[in-house]
Amino acid sequence: MRENNGYRFETDLIHKGIPDFQGVGSLVPPIYQTSTFVFKDAEQGEARFSGKEAGYIYSRLANPTVRVFENMLATLEKGEAALAFASGMAAVSAVLTTLTKTGDHILCSQGIYGCTFGLLQSFKDKYQIDHSFSSLESKDEVLENIRENTACIFIETPINPTMRLVDLEMVAEAAGEHGIPVVVDNTFASPYLQKPLLHGCDVVVHSATKYIGGHGDVLGGIAVGRRDFIEKMAKTVQKDMGGILSPFDAWLLIRGLKTLAVRMDRHSENAEKLASFLAAHPKIEQVFYPGDMRNPDWLIMKKQMEKPGGLISFSLKGTKETAQQFMNNLRLIKIAVSLGDPETLIQHPATMTHAVVPREERYKMGISDTLMRLSAGLEAWEDLRDDIRQALEKI
Ligand SMILES: *Cc1c(COP(=O)(O)O)cnc(C)c1O
């Protein structure tokens, strides 16, 4: 993964954008745990507020530790600038609020994160901002679903939890014909595996809570895109709604981010092995994994992802109760939502992350009552396999 000029991605992860604050040579950036910044005189305060002088004012507007995290993500996603948020949902809601107004329409991929679905529902109920879903499988299909009032296209790929993929380049091309920005929730892939901006998309959002943090100990969000868009969002929605990332949480995310490449390699390796084990098991109905050559989106995976990633979904033969019984039989694998942690986690979308989605809508998204999503952790894969095997034997 040689970058155009300078170091490779894995090296940039560790070194790029880490300034030597105050020239003390600290290897790791300090935590600027301060709410406000002192001006040397009243005139400097005036100059900072008017924008004549660059510098910090108040931590809701900008903070040096948070800035390091933002600069790292802008570099890794190949964007001009980035803005950090208190959570992935704070990032998603800020981006969509910035891009839309009453009367607009948002075109979405066939599946989206449960809370993003909830957010779009309240946009519709409260502000008459409509949305619709499309599988976005061809350029014609994208063009057919773009309306006069479509303000943006919002994509997840891989899609949560069905692991279907969307061809980013194709959607960006179709959207470009109408000048509509394309927003990609890149949480499932991480910038190590997929860089949507390089495929012509306009904005990337992440729940940094997942692979970017990577240790299950912090919530955060990030949006990356063109400088004018990021600055506009910083000066309006983020400043006034205030969903900012704390300096300490930024510091944890910086620490987590440095090991992203090695973690993603292991997550992907474990997922690939578990996916083939599951696919061969007689009690499994179907496995959804983009690394499987029989997956309808395998070619898209090859085109836009470095590796298929660490998430697998699969359905059991049986009922909702069979799935719940299987989960209860697991000893090592933890029942929890979230993903991208060192621990392997399993969850049941129909009753957990996507419980807010009405049943019919859920079925249309491909979320059956026995579908489970597994986030492959960093454990020895044989131990994970053995745990799944014994849990399956008992149902
Ligand atoms: C978790 C998640 C979110 C929300 O992120 P939070 O940090 O929990 O607010 C958004 N999109 C996807 C795909 C996610 O997995």
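Atoms within each ligand, like the ligands themselves, are counted from 1 in listed order.
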Checklist entry - Do K283's NZ or CZ and the ring of F326 fall within the cation-pi criteria of under 6.0 Å and 45°? => result no

Name the closest protein heavy atom to [atom], giving the residue it belongs to and the distance to 0.1 Å.
atom                    : answer
atom 4 (C) of ligand 1  : Y113 CE2, 3.4 Å
atom 6 (P) of ligand 1  : G88 N, 3.3 Å
atom 9 (O) of ligand 1  : M89 N, 2.8 Å
atom 7 (O) of ligand 1  : T209 OG1, 2.6 Å
atom 15 (O) of ligand 1 : K210 NZ, 2.8 Å

Next on the checklist: Could you tell me if D140 and S138 have a donor-acceptor pair between their side chains, going purely by distance under 3.5 Å?
Outcome noted: no

Item to check | Check: E53/Q44 side-chain N/O donor and acceptor closer than 3.5 Å | outcome: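 There is such a pair between these side chains.
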
Item to check | Electrostatic pair R147-D130, nearest N-O below 4.0 angstrom | outcome: yes

Item to check | SB check R331 D383 (cutoff 4.0 Å) | outcome: no

Checklist entry - Of all the heavy atoms in S338, does at least one lie under 4.0 Å from an atom in ligand 1? => result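 S338: no contact with ligand 1 (<4.0 Å).
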
Item to check | Under 4.0 Å to a heavy atom of D185 - the qualifying atoms of ligand 1, by number | outcome: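 So the atoms of ligand 1 that pass are 10 (C), 11 (N), 12 (C), 13 (C).
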
Checklist outcome for this item: G220 heavy atoms within 4.0 Å reach ligand 1 at atoms 7 (O)

Checklist outcome for this item: The side-chain hydrogen bond (donor to acceptor under 3.5 Å, both in side chains) partner of S135 among Q110, R164, E141, K364 is E141

